[in-house]
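Atom set for the values below is all heavy atoms of this structure, side chains included, hydrogens, waters and symmetry mates excluded.
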Amino acid sequence: MTLPLGDSGKPTLVLDAHSDLFNDIVERRALGQAHVVERRHLPELRKGGVDVLVCAIYVESRFKPSNALPRALQLLDAIHCELEETPESLRLCLNAADIHAAQAAGQLAMLISLEGAEPLGNDFSVLRLMHRLGLRWVGLTWNQRNQVADGIGESRTRGRLTHYGLNLVRELNRLGILIDLAHIAKESFYDVLNASEQPVVFSHGNCAAVCEHDRNLTDAQLEALAAHGGVLGITFHPPLVSATKPCLDEVLRHIDHVARTIGIDHVGIGADFSDFIVWDPAEVGAGFEEQPKTERLQSVSHLPNLLDALLRRGYSEEETAGIFGGNFMRVVQEIMG
């Protein structure tokens, strides 16, 4: 399902498949602030034309493993408070119909994801409770090893999907929760594809053939993802764009490579903008904040630069609409209804 450009000249639905918005919200609410999304983020999201934002419950390393669940619940509570305070501007979406209703009402459609399964523990009761609170998208790992699989930071061990992880994939399929393989180690990546009866996505990553980085996908992985009906969300996170000069032109090279290798229907956007967060160096490494941002894609308000560049490059309106949201929506519709 791809959507043409609307009368405004932008795709009729723009979906960003990865945002760390919750981490900013929870810290600001702890300082007594309210309406954080509306005051601090919504104006920039509107400038960027974003209609749908997939917001991650990302538990920082300092909380893992013993305090992963309490921290996840803090993040989840923060967004529910925001939703209650600003119902005219924000809508929690559980399926494709909710997304379209939010768009029609002029609201920002928000999908809740989980980035790393550590908060879920070793049974499915927490998963089912979080599902009732709106969880519809689960990334199985961050960079570390957990009870499900190895993250990309542990790839030296060549770890596989655990027995619990296999059962978790089946339960996610049963509940209609979309599975996300961003950050997962290669062996576990293939295990999940073999285990899942539904398409999976890779919400934020790029192509190893364009920029060699552990988190970027090889051509073989791209082909396997496409064979299972999945979508890769092209990220603007600088180290995954280029080792030397992250810029809009390099982002276009990643999109071109996916289109040539597996087809334009498997490309989306998972921007991973985090310009609004001051990260702890212990979490992201020394010097992270000093790294150059991806030129002309430094923040969400710059998304129209990518739209213009794609059209100038010869991508059709239909293809561009697919990249900006239609391709991810196809998977959302299939899994969530």
Flag if over 12 foreign heavy atoms under 6.0 Å of [atom1], [X]:
X      : atom1 : answer
Arg313 : CZ    : yes
Lys186 : NZ    : no
Glu88  : CD    : yes

Are a donor atom and an acceptor atom from the side chains of [X] and [Y] found within less than 3.5 Å of each other?
X      : Y      : result
Arg71  : Gln74  : yes
Arg253 : Ser242 : no
Asn173 : Ser196 : yes
Asp214 : Ser155 : no

Nearest heavy-atom pair of [X] and [Y]: which atoms, and what distance?
X      : Y      : value
Arg29  : Ala34  : NH1-CA, 3.8 Å
Ala56  : Asp20  : CB-OD1, 4.3 Å
Trp137 : Asp180 : NE1-OD2, 3.2 Å
Phe63  : Val59  : CB-CG1, 3.7 Å
Arg91  : Ala105 : NH2-CB, 4.3 Å
Ile262 : Ala226 : CB-CB, 3.7 Å

Look at the side chain of [X] and the backbone N and O of [Y], then say whether any donor-acceptor pair between them is shorter than 3.5 Å.
X      : Y      : answer
Gln221 : Asp219 : no
Asn146 : Leu140 : yes
His228 : Leu193 : yes
Gln198 : Gly176 : no
Ser113 : Cys55  : yes
Glu115 : Trp142 : no
Ser188 : Gly159 : yes
Tyr164 : Gly121 : yes
Thr141 : Gly116 : no
Arg40  : Asp24  : no

Sequence neighbours excluded, which residues qualify as ring-ring contact (aromatic ring centres under 6.0 Å, His included) partners of His254?
-> none
Does the side chain of [Y] come within less than 4.5 Å of [X]'s, by heavy atoms?
X      : Y      : value
Glu82  : Met110 : no
Arg170 : Arg174 : no
Leu248 : His302 : no
Cys211 : Asn206 : no
Val332 : Arg136 : no
Val267 : Ile264 : yes
Leu15  : Met329 : yes
Leu306 : Leu252 : yes

Residue pair Arg39, Gln33: steps toward the side-chain hydrogen bond (donor to acceptor under 3.5 Å, both in side chains) verdict = CA-CA 10 Å; Arg39 290 187 302 100; Gln33 298 180 25; 3.1 Å; yes
Could you state the interatomic distance from [atom1] ([X]) to [atom2] ([Y]), rounded to the nearest 0.5 Å?
X      : Y      : atom1 : atom2 : result
Thr218 : Glu223 : OG1   : CD    : 8.0 Å
Arg160 : Phe189 : CZ    : CZ    : 13.5 Å
Leu175 : Leu172 : CG    : CG    : 7.0 Å
Glu295 : Asn305 : CD    : CG    : 10.0 Å
Asp191 : Leu166 : CG    : CG    : 8.5 Å
Phe22  : Ile25  : CZ    : CD1   : 6.0 Å

Flag yes if [X] and [Y] sit in one hydrophobic cluster, no otherwise; membership is Ile, Leu, Val, Met, Phe, Trp, Tyr, and two members link when side-chain heavy atoms are under 4.5 Å apart.
X      : Y      : result
Val300 : Leu240 : no
Leu232 : Leu310 : yes
Met130 : Leu92  : yes
Val210 : Ile269 : no
Leu129 : Ile112 : no

Test side chain to side chain contact (heavy atoms under 4.5 Å, CB included) applied to Leu120 and Leu114, step by step = CA-CA 10 Å; Leu120 300 180; Leu114 178 64; 3.8 Å; yes
Short N-O contact, Arg156 and Glu187, less than 4.0 angstrom = no
Do NZ/NE/NH1/NH2 and the carboxylate oxygens of Glu250 and Lys245 come within less than 4.0 Å?
-> no
Dump the intermediate steps for side chain to side chain contact (heavy atoms under 4.5 Å, CB included) on Leu168 and Phe124, then the final yes or no.
-> CA-CA 8 Å; Leu168 177 61; Phe124 301 140; 3.9 Å; yes
Please work out whether the ring planes of His204 and His18 are parallel, tilted or perpendicular, with thresholds of 30° and 60°.
-> parallel
Run the numbers on Glu38 and Leu90 for side chain to side chain contact (heavy atoms under 4.5 Å, CB included), then give the verdict.
-> CA-CA 8 Å; Glu38 185 176 49; Leu90 310 175; over 6 Å; no
Stepwise side-chain hydrogen bond (donor to acceptor under 3.5 Å, both in side chains) test for Arg215 and Thr235 | CA-CA 11 Å; Arg215 281 183 50 202; Thr235 185; 5.5 Å; no
Test of ring centre spacing under 6.0 Å for Phe273 and Phe236 | yes
Could you walk me through whether Met336 and Leu111 pass the side chain to side chain contact (heavy atoms under 4.5 Å, CB included) test, one step at a time?
-> CA-CA 11 Å; Met336 301 178 200; Leu111 286 171; 4.3 Å; yes
